[in-house]
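Comments concern the structure below.
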Amino acid sequence: MAVAATQQLAGLALALDNLPPVTELIADCRAEADVVLPPLPTTSLRGALLPALRDRAPALLEHPGRPLAGAGVTDRAPAALVLAPDTAAVGRRRFELSAGERLAVRLVLIGERAATCADAVVAALRVALAGGIGRARGGGGHVPFALRDVSPAPARAAAPAPARARIQLVTPARIVHGGRVCASLDGAALVAAAVRRADLLARVHGGGRLVPPGRVEPAIDTLGAAIAVAPVRRYSSRQGRAMTWPGLIGHVDVGGPDLPAAWPAIEFAARAGIGKATTFGFGRLSVSAAPDAGAAP
């Protein structure tokens, strides 16, 4: 990453050398029959993939055992695997594909340990897809998918922070504050969540803390926002019932004195996801320069 190893953020230091490496893969999956998937289709894939991973890449599901006291709502280690649709697929009641149509899935492996499991993850994905996900259109069981190809995601060039940045929530983000999933979001809260996510992954899958212990309250200005609640319905085979998980979708334009220092953590979160349930497809971000004031969104 072409930035200094330490940046200042609200009086804190970001130890950027501790960030774990991230491996991003795009899986090209072809439906073998007409299929109906949940509005966020990776929620269906995740349930099929976990058993296959337990057989082929159990090390990926075991955290390295770093202490997580004070990590957040729970002391459970964040997964080294993130799933998301490669294009936004939320906002519909359901996601439908005809036989032969394709679903692109982004797989993200976090840390050196996870990167060594890449081949096993691809093998597990192939098995999970062949076993079927979703439901056949018109009623019926799961529909098998063929794994056509797995390729590296396009490389991301590190860039300095723009004066105004747009953080786009590509899939619904379940960001927790005060023990509850947020129903609204401003720029400071969103950037703080990105820094917390980067710090937690650095502690568990990287070289150690990104920031010293304590609450992160970056000096970030909200320059514009268009955020809505997106309820995502999914079926839990473990609990045997349908569930609705709300998340936030849209964009927030940010600026302010701490944006340059926080930018590496924001870019990292754009690769590794943000908030809860990233293994289901929640919390995928994209970041870019925001339109100038007065420009069309």
Side-chain angles (χ1 to χ4, degrees), residues 19-29 37-38 40-66 68 71-72 74-87 89 103-131 133 145 147 149-153 156 170-175 194 196-207 232 234 236-238 245 247 268-285:
L19 285 173
V22 175
T23 304
E24 296 177 89
L25 303 172
I26 305 297
D28 181 8
C29 313
L37 294 163
L40 186 56
T42 42
T43 60
S44 181
L45 177 58
R46 190 259 192 190
L49 181 58
L50 252 61
L53 284 174
R54 291 190 185 102
D55 290 339
R56 289 160 181 82
L60 188 68
L61 304 179
E62 301 167 358
H63 69 78
R66 294 182 184 276
L68 291 176
T74 73
D75 61 359
R76 186 175 179 180
L81 173 68
V82 171
L83 295 176
D86 192 45
T87 55
L103 171 68
V105 175
R106 182 175 294 262
L107 300 99
V108 181
L109 303 173
I110 301 168
E112 294 179 358
R113 191 167 180 256
T116 65
C117 298
D119 289 344
V121 170
V122 171
L125 178 64
R126 191 181 305 277
V127 169
L129 290 168
I133 60 175
F145 278 66
L147 183 58
D149 182 54
V150 177
S151 58
R156 302 169 187 249
V170 180
T171 63
R174 292 175 54 78
I175 296 172
R196 289 197 306 272
R197 169 74 169 165
D199 176 63
L200 188 52
L201 290 173
R203 291 163 60 187
V204 176
H205 303 297
V232 175
R234 58 173 291 266
S236 171
S237 57
R238 183 175 63 85
W245 285 0
F268 179 84
R271 304 180 70 195
I274 193 171
K276 294 173 63 67
T278 55
T279 59
F280 288 88
F282 288 84
R284 185 181 164 209
L285 305 181

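What you see is a predicted model; the values in this text were computed from it and never measured. Because only heavy atoms are used, hydrogens play no part in the values below, and waters and symmetry mates are left out as well, while side chains stay in.
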Which pair of non-hydrogen atoms, one from [X] and one from [Y], has the smallest distance, and what is that distance?
X	Y	result
P51	A48	CD-O, 3.4 Å
R197	A272	NH2-O, 2.7 Å
P20	F268	O-CE1, 3.5 Å

Between the side chain of [X] and the main-chain N/O of [Y], is any donor-acceptor distance below 3.5 Å?
X	Y	result
R284	D86	yes
R113	H205	no
R46	G281	no

What distance do [X] atom [atom1] and [Y] atom [atom2] have between them, rounded to the nearest 0.5 Å?
X	Y	atom1	atom2	answer
C29	D149	SG	CG	10.0 Å
L50	L60	CG	CG	9.0 Å
T42	I133	OG1	CD1	9.0 Å
R196	I274	CZ	CD1	8.0 Å
I110	L201	CD1	CG	4.5 Å

What I'd like to find out is whether the side chain of [X] reaches to under 4.5 Å of the side chain of [Y], using heavy atoms alone.
X	Y	answer
L107	L83	yes
L109	C117	no
L25	V121	no
T278	V108	no

- Between F280 and W245, what is the ring plane arrangement, given parallel below 30°, perpendicular above 60°, and tilted in between?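 Plane angle over 60°, so perpendicular.
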- Message: Surrounding CG of D55 (heavy atoms of other residues, nucleotides or ligands, distance under 6.0 Å), is the total greater than 12?
- Response: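 More than 12 heavy atoms, drawn from other residues, nucleotides or ligands, come within 6.0 Å of this atom.
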